Amino acid sequence: MCGIVGYIGKKNAVPLLIEGLKALEYRGYDSSGISVIDKKEIKTTKASGKIINLIDKLFKKPLSGNIGIGHTRWATHGEPNEINAHPQQSKEVTIVHNGIIENVEEIEIFLGEKEYERKSQTDSELIAHLIDYFYNGSLLNACLKAVHILNGSFAVGVICKQEKKLIGIKYKSPLVVGIGDGENFIASDVAPLLPYTNKFLFLDDGEVTEIDENNIKIYDFQGNKIKRSVSVVDWTREQAEKGGYKHFMLKEIAEEGDAARNTLLGRIDDNLALQEELKWNTNFMDSINRIVIAACGTSYYAALIGRYILQNIAKIPTTAEIASEFRYENALLDKNTLFIVISQSGETADTLESLSYAKSQGIPTLSIVNVQGSSIARMSDYVLYTHAGPEVSVASTKAFTSQLAILYLFTLFLSRTKKTLNNQQLKDYTKELLKIPDKINETFEINLQKMQSIAPHYSQFKNYLYLGRGILYPIALEGALKLKEISYIHAEGYAAGEMKHGPIALIDKVTPSVFLIPPSSLLLNKTLSNMKEVNSRKGEIIAVTTDKFEKIEDASLVLTTPSTDLIFSPFLYIVPLQLFAYSIASYLGYDVDHPRNLAKSVTVE
Ligand code: F6R
């Protein structure tokens, strides 16, 4: 969950490291620090709290050096103070670490006899001591020895004052190498390096890289040299910048229509596009008679929608599983099951472990991922990238919409090959899906205006219920998650039909309910009568709908979307809910892009 960046070249590393850390702040933001090699000395500055505190310190007491490492922390071991901040130092060696070391005691016993005094409460400090213990003139060799003693997950950046080298180590935590011209980089992901390069080497677990300004060598943990081809990433620097918006979250909500369009681009006009991308033959597709999707958080809610459409349209029995639970279930998966994981970051530890379990069962695996070259993308047999561009705000928005776009494309693709839709139906679905990006943009425009005026009233409540049925039930869950994670207001998403079985007891004047009113369908009247039940108990109502019905007059606030079929409604209904959460959090003055206690990539279990 922490962020790592490292530089070696001719420039002063400090501004590059700081810019890199700012771009990585979404991975953790309770403390930060940098170390540089300056005239054969390692100089370190650290600060607790946000990166701005580190910048303040560096302003007062500048550092410079051509080799450096930086870190932004999400605390696991030891409270978030300056001592526990990274880099962590030993006698000769300084490191930054992302991950968790699980055999702390064992390492302490091993090092105890060698008198390494502990300064911090972190597990990471032990990595520095361990490498230092093995250091005998070659930093690479010391790292190659230390990795065999470490258990857990670790992406590490290492420097030592005797060598003009930067070492990166990767094991179950992400680390990429950026290739520059007379300079090279390491980082937790590609985003902080986009201003300098779009050429990357993606490390696999169990690899160490030794880097100087002109050379990059990769070894496995046994010291064997590895060849890795260069990957070119198509994200741009501008995509990773705020572009005049107050927060990344608002920018990313505004980008949702275009993100969905990018996801569909080149894949929808021709029904065979996915087949070409996946290279699946007819026998393989015919053999799939069950789908299991695993994911966490927002991506799990996308999975719930995926389940709904795969069953209803492609007629394939599908389940959606919370990855952190699924991995412990010893689920029975047979060879006709397709296992799908969904992840924006491609690094979520629980999702990765679920994938690893499915692979151990020998079944085909497909990932739906946003970050190119990420661990999940590389581990799965097949990958469909969402192409949403970098998502910086911790709260996921455009990645969700793009995940939906892929799930719909994939469903239509399977429906075509499995012949669950005839040509006309396929055409109609495809036509509507193509209209979705514009309708998302329209939904954004319609609702954005309203938001400023409503935030003062709706930010006063302490509890909310979000209610939806059928395909809109996952949107109720996602809407509630958005509100709670960025505004710290308690919100629960419920299946509207479950209200009478408990939650209705919560309804009173100070617990508003957000109703997702489906477009005309069987579900409509049932949802409207649920709304009446709330209204007669004096509960305030916020309604999200495509149309205005008479009964919606019960609602104190009606948020609308352009008209669409029920099956496509999730794409549009989520937008006002994201804006609703955003405007409340922004009105309350919270740091919307960096909500407390959260990190964007949850790389620990
Ligand atoms: C919520 C949010 C999280 C992520 C979850 C999974 O806004 O962003 O719930 O959806 O941590 O992350 P990925 O999709 O990267 O696996």
Side-chain angles (χ1 to χ4, degrees), residues 1 3 24 26-28 74 173-174 188-191 247-250 252-253 256 259 263 293-306 320-327 340-356 367-380 383-386 388-404 406-407 466 474-475 477-488 491 493 574-575 577-582 585 590-605:
M1 332 252 291
L24 283 169
Y26 61 78
R27 299 182 72 92
W74 188 86
S173 279
S188 297
D189 60 50
V190 300
H247 294 106
F248 275 109
M249 183 176 179
L250 185 58
E252 287 161 6
I253 301 172
E256 277 182 281
T263 311
I293 318 178
C296 295
T298 292
S299 298
Y300 168 67
Y301 299 146
L304 287 175
I305 293 170
E321 310 284 345
I322 297 173
S324 54
E325 290 295 320
F326 176 79
R327 52 174 301 201
I340 303 181
V341 284
I342 306 179
S343 175
Q344 187 287 128
S345 62
E347 301 294 348
T348 302
D350 288 312
T351 311
L352 198 58
E353 287 300 328
S354 300
L355 175 61
S356 159
S367 62
I368 295 175
V369 172
N370 193 37
V371 177
Q372 297 172 35
S374 53
S375 304
I376 289 177
R378 282 178 300 129
M379 188 196 272
S380 51
V383 56
L384 289 174
Y385 283 114
T386 46
E391 190 180 66
V392 177
S393 184
V394 165
S396 189
T397 52
K398 65 174 179 173
F400 175 73
T401 315
S402 296
Q403 289 166 350
L404 294 189
I406 281 280
L407 286 163
Y466 281 65
I475 296 298
L477 297 173
E478 173 60 3
L481 177 63
K482 287 289 92 84
L483 185 67
K484 63 187 144 195
E485 69 181 326
I486 59 168
S487 71
Y488 318 136
I574 191 56
V575 178
L577 298 186
Q578 291 164 339
L579 284 170
F580 184 70
Y582 170 77
Y590 293 134
D591 185 351
V592 175
D593 289 331
H594 306 119
R596 68 185 181 206
N597 306 336
L598 293 176
K600 184 120 189 103
S601 292
V602 186
T603 51
V604 293
E605 294 157 28

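Nothing here was measured: the structure is a model prediction, and the numbers come from that model. By convention here, the first residue in the shown sequence is residue 1. Counting starts at 1 for both ligands and their atoms, in listed order. These values consider heavy atoms only, across backbone and side chains, with no hydrogens, waters or symmetry-generated copies.
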Looking at [X] and [Y], would you say the former's side chain and the latter's main chain have a donor-acceptor pair under 3.5 Å?
X      : Y      : result
Tyr385 : Gly373 : yes
Thr263 : Thr386 : yes
Asn370 : Pro390 : no
Glu485 : Pro595 : no
Lys484 : Ala491 : yes

Only heavy atoms of [X], strictly under 4.0 Å: list the atoms of ligand 1 that pass.
X      : result
Val394 : 8 (O)
Ala395 : 7 (O)
Glu485 : 1 (C), 7 (O)
Ser343 : 13 (P), 14 (O), 15 (O), 16 (O)
Ser345 : 13 (P), 15 (O), 16 (O)

Quick one about [Y] and [X] (side-chain donor to acceptor, distance below 3.5 Å, no hydrogens or angles considered), yes or no?
X      : Y      : result
Ser367 : Ser380 : yes
Glu347 : Ser375 : yes
Glu256 : Thr397 : no

Below 4.0 Å from any atom of ligand 1, is there a heavy atom belonging to Asn370?
no

Report the C-alpha distance between Leu407 and Ile368 in whole Å, list the side-chain angles of each, state the deciding distance to 0.1 Å, and finish with yes or no for side chain to side chain contact (heavy atoms under 4.5 Å, CB included).
CA-CA 9 Å; Leu407 286 163; Ile368 295 175; 3.7 Å; yes

May I ask you to check whether Gln403 has an N/O atom sitting below 3.5 Å from an N/O atom of ligand 1?
no

Thr351 to ligand 1: N or O pair under 3.5 Å?
no

Who's the nearest protein heavy-atom neighbour of [atom], and how far?
atom                    : value
atom 10 (O) of ligand 1 : Thr298 N, 3.1 Å
atom 11 (O) of ligand 1 : Val602 CG2, 4.0 Å
atom 12 (O) of ligand 1 : Thr348 OG1, 3.4 Å

Of the listed options (Ala295, Pro595, Cys296), which comes nearest to atom 5 (C) of ligand 1 when hydrogens are ignored and any heavy atom counts?
Cys296

Using heavy atoms and a threshold below 4.0 Å, how should the contact between Lys482 and ligand 1 be classified: side chain, backbone, both, or neither?
side chain

